[in-house]
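Shown next, in structure tokens, is the structure this report addresses.
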Amino acid sequence: MSDFAIVASNKFKVSSTKVNGIKINNYYYAGKSAKIYNQLAKQTAVDSIKLFTKKYGPYPYSELDLTESPFGSDTGGMEYSGLVMIAQDTFARKKAASKEDYDSVIEDVSHEVAHQWFFNTVGNDEYTEPWLDEGMAEFSEDIIFDLSPINKIPKKYNETDTAYNGGKSFYSLLRYLMGEKKFDQAMRDYYQTYYLKQATGKDFIAIIKKYDNSKAVNDLIKRYISPKYLQ
């Protein structure tokens, strides 16, 4: 166990469904847009589980709980094993939500569900190598969940946000250079090898080089990752 968390409220409504034998419970608050929020959050979780299972490997638990939670405006959600918290600031209000609010729910739910694979199943040191969890979740949300074409080159990342956008750019370029088939094989190998274990950046790179040790891939690794992490 890496963390322990409890979310409790006597105001929650709950809606459940199943996908791949996994029970999904969505705990949400009443409000003008609650029905749409419930449908959208729950369907995003279903789609995320289907897609990430196909790309990476099986979700390790029999249940996944989603909850609306009181975060600040700069936080979209938080992940724990089998638990996804999504910011309630929009849908707890009485006014109707906008298209941007709905887009935000899709982004936040897909990102936090992706963390069920990377950090909650394949663990890592979040402090020293956050690109292995936050970067991978950002990549999974924006590139895998959005089903972006293989030839999509990411925009230059914000260097002050290396864990999220820098990590996403690195994985996106890896996928581009390796090709989708080879990249997917490497990711499934990485997930299976470190399933319910702790991995490091060195471990990840070793799996990548097992499938593609070309000059282009090695140059990309040198560009993004400090050599001290690969010693």
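- A search for salt bridge (charged side-chain N to carboxylate O under 4.0 Å, His left out) contacts involving Asp47 returns nothing, not counting sequence neighbours.
- In this view, Asn25 and Ser16, Glu63, Asp65 satisfy the side-chain hydrogen bond (donor to acceptor under 3.5 Å, both in side chains) rule, not counting sequence neighbours.
- For Tyr27, the ring-ring contact (aromatic ring centres under 6.0 Å, His included) partners two or more places apart in sequence, or in a different chain, are Phe12.
- Taking the salt bridge (charged side-chain N to carboxylate O under 4.0 Å, His left out) definition, one finds that Lys197 meets it with nothing, sequence neighbours left out.
- With sequence neighbours left out, the ring-ring contact (aromatic ring centres under 6.0 Å, His included) criterion links Phe183 to Phe139.
- Glu141 is linked by a side-chain hydrogen bond (donor to acceptor under 3.5 Å, both in side chains) to His111, counting only residues two or more places apart in sequence or in another chain.
- Taking Lys23 as the reference, nothing meets the salt bridge (charged side-chain N to carboxylate O under 4.0 Å, His left out) condition, with sequence neighbours excluded.
- Under the side-chain hydrogen bond (donor to acceptor under 3.5 Å, both in side chains) criterion, Asp203 pairs with Tyr194, Thr200, sequence neighbours left out.
- Counting heavy atoms from C-beta outward, Val84 and His115 have side chains that stay 4.5 Å or more apart.
- For the side-chain contact (heavy atoms from CB on, under 4.5 Å) test, residues two or more places apart in sequence or in another chain that qualify with Asp125 are Tyr127, Thr128.
- Not a single side-chain hydrogen bond (donor to acceptor under 3.5 Å, both in side chains) links Thr53 to another residue, sequence neighbours left out.
- Partners of Asp189 by salt bridge (charged side-chain N to carboxylate O under 4.0 Å, His left out), not counting sequence neighbours, listed by chain and number: Lys210.
- Contact between Lys54 and Arg188 at its shortest, heavy atoms only, is O-NH1, 3.5 Å.
- In this structure, the side chains of Tyr56 and Phe118 come closer than 4.5 Å at one or more pairs of heavy atoms.
- Judged as a ring-ring contact (aromatic ring centres under 6.0 Å, His included), and not counting sequence neighbours, the contacts of Phe204 are Tyr171, Tyr190.
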